[in-house]
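A short write-up of the structure that comes next.
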Amino acid sequence: MNPDLSWVLNDVLQVPGARHAILVSADGLLLANSSEIGRDDAETVAAAMSSMQSLSRAVAPFIGTRSPGRWRQTLLEYEDGWIFLIAAGTGAYLAATAAADVDMEAMSFRMQQQVTALGKAMTTPPRQNAGSEI
């Protein structure tokens, strides 16, 4: 059973100008998509976003430092909008699209907030007194 992760995507789309959002596994499988994008299109984009994060990591040395550090975000700019791609925990990525006039800081911040919330929601706390009698 896959958990319903639509709340992550719906909250990201509350930023004025936000259009679509998807959650992608590292191997390119669609984990969740916002209702504004069809499943077939979302699956195609999911595969592409997995490749995009891989490409982004591969070109990290282009930054020009010995250790470029950990990849954080990839932004793609188009005439009519933006694509944001960030890590969403181990082996997952959150991708979202927005209009050209979106507040980029607000969009990035909201995505980071949701990734943090997602991590907390997906982590099962250790059971207290596991294996002991009550």
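All values below were derived from every heavy atom in this structure, side-chain atoms included, with hydrogens, water molecules and symmetry-related copies excluded. All residue numbers in this chain count up from 1 along the given sequence.
Residues forming a side chain to side chain contact (heavy atoms under 4.5 Å, CB included) with Phe62 (at least two apart in sequence, or on another chain): none. The side chain to side chain donor-acceptor pair (under 3.5 Å) test applied to Gln73 returns Ser108, not counting sequence neighbours. Residues forming a side chain to side chain donor-acceptor pair (under 3.5 Å) with Glu43 (at least two apart in sequence, or on another chain): Arg39.
Residues Ser56 and Trp71 come closest through the heavy atom pair CB-NE1, 3.4 Å. Heavy-atom minimum distance, Ala42 versus Asn33: CB-CB, 3.7 Å. Scanning both residues, Ala26 and Ser50, for their nearest heavy atoms gives O-OG, 2.5 Å. Of all the heavy atoms in Ala98 and Met107, the pair that sits closest is CB-CE, 4.3 Å.
Judged as a salt bridge (charged side-chain N to carboxylate O under 4.0 Å, His left out), the pairs with a partner in residues 8-19 (not counting sequence neighbours) are, in order, Asp11-Arg110. Among residues at least two apart or in separate chains, there is no ring pair (Phe, Tyr, Trp, His ring centres under 6.0 Å) pair with a member in residues 22-50. Within the structure, salt bridge (charged side-chain N to carboxylate O under 4.0 Å, His left out) pairs that include any residue of residues 86-109 do not occur (at least two apart or interchain).
Placement of Ile22 and Leu31 in two distinct hydrophobic clusters is found when ILVMFWY residues are connected by side-chain heavy-atom separations under 4.5 Å, directly or transitively. The hydrophobic clustering, which links ILVMFWY residues whose side-chain heavy atoms are closer than 4.5 Å, places Leu75 and Val12 together. Both Ile86 and Trp82 are part of a single hydrophobic cluster, where members link through side-chain heavy atoms under 4.5 Å apart. Under the 4.5 Å side-chain heavy-atom criterion for ILVMFWY residues, a single connected hydrophobic cluster contains both Val59 and Met49. No chain of hydrophobic side-chain contacts below 4.5 Å, direct or via other Ile, Leu, Val, Met, Phe, Trp or Tyr residues, connects Leu23 to Val45.
Contact annotation: the side chain of Leu76 approaches that of Met52 to within less than 4.5 Å [non-hydrogen atoms, C-beta and beyond]. Taking the side chain as every heavy atom from C-beta outward, Tyr93 and Gln53 approach each other to under 4.5 Å.
Tyr78 contributes atom OH, which lies 10.5 Å from atom OG1 of Thr97 (distance to the nearest 0.5 angstrom). Here the CZ-OG1 distance, from Arg57 to Thr74, works out to 8.5 Å after rounding to the nearest 0.5 Å. To the nearest 0.5 angstrom, Phe84 atom CZ is 11.0 Å from Leu94 atom CG.
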- prompt: Could you walk me through whether His20 and Asp41 pass the side chain to side chain contact (heavy atoms under 4.5 Å, CB included) check?
  reply: CA-CA 11 Å; His20 310 294; Asp41 288 339; over 6 Å; no
